[in-house]
Amino acid sequence: MYEKTFPEKRFNRTLAFLKKHISNSETILDLGVENPFSKIMKKEGFKVSNTGGEDIDLDQSSIAASPAEVVTAFEIFEHLLNPFTVLNSVKADKLFISIPMRLWFSPAYRSKTDMWDRHYHEFEDWQLDWLLEKTGWKIVDREKWTNPVKKIGIRPLLRRFTNRYYIVYAERVK
């Protein structure tokens, strides 16, 4: 469907999951600056705006002020120190979150050159579920999938059958 690049499987699965639950007439606030996937959503006809690059651990004003009906956070929460506060600031009634899951055989990702490109949280599925429950969200649907790599070794072998990504669609509990 999309380019044969590293995130192709993730992008295709995420787009299918999004389309399964909302129409492209609903407005979306995508957390984080414009990125390859927010461009895909726009290309698919979704009305998407992004936060402005502010540190949303410290400043959730753009999230709280957004009139969007849906909030998406695709591979964002692992970079946050305080996802609890961010989730509490969401005013929309629909939420999509995807995360790379914690792998028991691999340490959390940490870029050596980019101080923002680090994973402070690599959740297990139950941890994200609990966080959503504690912040007033009910999970409506969820999926997991693997991310095999074309390398040789024990870790690449484990990646063939160990789920790496977790995506959730949740609605605000009223």
Side-chain angles (χ1 to χ4, degrees), residues 1-22 24 28-44 46 48 50-51 56-57 63 70-84 86-87 90 92 94-111 114 116-135 137-171:
M1 191 168 176
Y2 286 95
E3 295 177 33
K4 296 279 185 191
T5 59
F6 166 71
E8 177 193 48
K9 178 180 180 180
R10 179 169 45 99
F11 287 172
N12 288 335
R13 296 284 302 256
T14 302
L15 184 61
F17 191 80
L18 188 66
K19 286 180 172 183
K20 177 179 172 183
H21 295 288
I22 63 167
N24 60 5
I28 296 173
L29 174 64
D30 185 39
L31 301 187
V33 297
E34 188 175 59
N35 57 73
F37 192 73
S38 59
K39 291 177 184 177
I40 287 171
M41 288 190 292
K42 288 176 184 175
K43 184 178 174 184
E44 292 291 321
F46 289 99
V48 180
N50 289 82
T51 52
I56 61 175
D57 269 322
I63 300 167
V70 179
V71 168
T72 59
F74 299 124
E75 269 87 293
I76 294 294
F77 274 47
E78 66 274 14
H79 299 279
L80 298 177
L81 291 171
N82 195 359
F84 184 90
V86 172
L87 283 169
V90 172
K94 298 178 181 180
L95 175 68
F96 291 85
I97 297 175
S98 66
I99 56 164
M101 294 177 65
R102 182 181 167 276
L103 299 176
W104 60 269
F105 56 84
S106 184
Y109 173 74
R110 180 178 170 188
S111 171
D114 183 348
W116 295 105
D117 192 17
R118 296 177 178 172
H119 291 183
Y120 296 105
H121 298 281
E122 286 191 348
F123 298 91
E124 292 183 34
D125 55 356
W126 69 268
Q127 291 170 306
L128 182 62
D129 293 355
W130 189 34
L131 176 62
L132 288 166
E133 180 185 322
K134 288 199 58 110
T135 53
W137 295 94
K138 178 184 177 213
I139 296 172
V140 175
D141 194 10
R142 58 179 63 109
E143 289 182 13
K144 297 178 194 173
W145 63 87
T146 62
N147 186 42
V149 293
K150 295 180 181 179
K151 294 181 180 177
I152 297 172
I154 298 298
R155 285 190 206 172
L157 176 65
L158 291 170
R159 287 180 187 273
R160 292 197 173 278
F161 57 86
T162 304
N163 286 320
R164 175 61 170 156
Y165 291 101
Y166 183 47
I167 191 167
V168 171
Y169 166 56
E171 294 179 353

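For the atom pair CH2 (Trp126) and CD (Glu133), the distance works out to 12.0 Å, reported to the nearest 0.5 Å. One distance of note links CG of Leu87 with CG of Leu131; it measures 5.0 Å at 0.5 Å rounding. Between atom CD1 of residue Ile167 and atom CD1 of residue Ile99 there is a gap of 10.5 Å, rounded to the nearest 0.5 Å. Taken to the nearest 0.5 Å, the OG1 atom of Thr51 stands 5.5 Å off from the CD1 atom of Ile56. The distance from the CG atom of Leu29 to the CD1 atom of Ile63 is 6.5 Å, given to the nearest 0.5 Å. A distance of 10.5 Å separates NZ in Lys39 from CZ in Phe11, rounded to the nearest 0.5 Å.
Side-chain contact between Lys19 and Glu44 is present, with at least one heavy-atom pair separated by less than 4.5 Å. Taking 4.5 Å as the limit, some side-chain heavy atom of Leu15 sits within range of a side-chain heavy atom of Phe46.
For Ser98, the side-chain hydrogen bond (donor to acceptor under 3.5 Å, both in side chains) partners are Glu75, not counting sequence neighbours. With sequence neighbours excluded, the residues that form a side-chain contact (heavy atoms from CB on, under 4.5 Å) with Lys134 are Phe84, Trp130. With sequence neighbours left out, the side-chain contact (heavy atoms from CB on, under 4.5 Å) criterion links Thr72 to Leu18, Ile28, Asp30, Met41, Val70, Phe74, Phe96. Checked against side-chain contact (heavy atoms from CB on, under 4.5 Å), Arg13 has the following partners two or more places apart in sequence or in another chain: Lys9, Glu143, Trp145. Take Lys144 and apply the salt bridge (charged side-chain N to carboxylate O under 4.0 Å, His left out) test, not counting sequence neighbours, and it matches Asp125. Partners of Val140 by side-chain contact (heavy atoms from CB on, under 4.5 Å), not counting sequence neighbours, listed by chain and number: Tyr169, Glu171. Residues forming a salt bridge (charged side-chain N to carboxylate O under 4.0 Å, His left out) with Glu34 (at least two apart in sequence, or on another chain): Lys42.
A donor-acceptor distance shorter than 3.5 angstrom exists from the side chain of Asp57 to the backbone of Asn82, with no hydrogens or angles considered.
Here the shortest heavy-atom pairing between Phe77 and Pro83 reads CD2-CB, 3.4 Å. Across every non-hydrogen atom of Val33 and Asn35, the tightest pair is O-ND2, 3.1 Å. Residues Gly32 and Ile76 approach most closely at CA-CD1, 4.4 Å, considering heavy atoms.
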| request: Under the side-chain contact (heavy atoms from CB on, under 4.5 Å) rule, what do Ile40 and Thr14 come out as? Steps first, then yes or no, please. | output: CA-CA 11 Å; Ile40 287 171; Thr14 302; over 6 Å; no

| task | Give the C-alpha distance, both sets of side-chain angles, the deciding distance and a yes or no for side-chain contact (heavy atoms from CB on, under 4.5 Å) between Tyr166 and Phe123. | result | CA-CA 9 Å; Tyr166 183 47; Phe123 298 91; over 6 Å; no

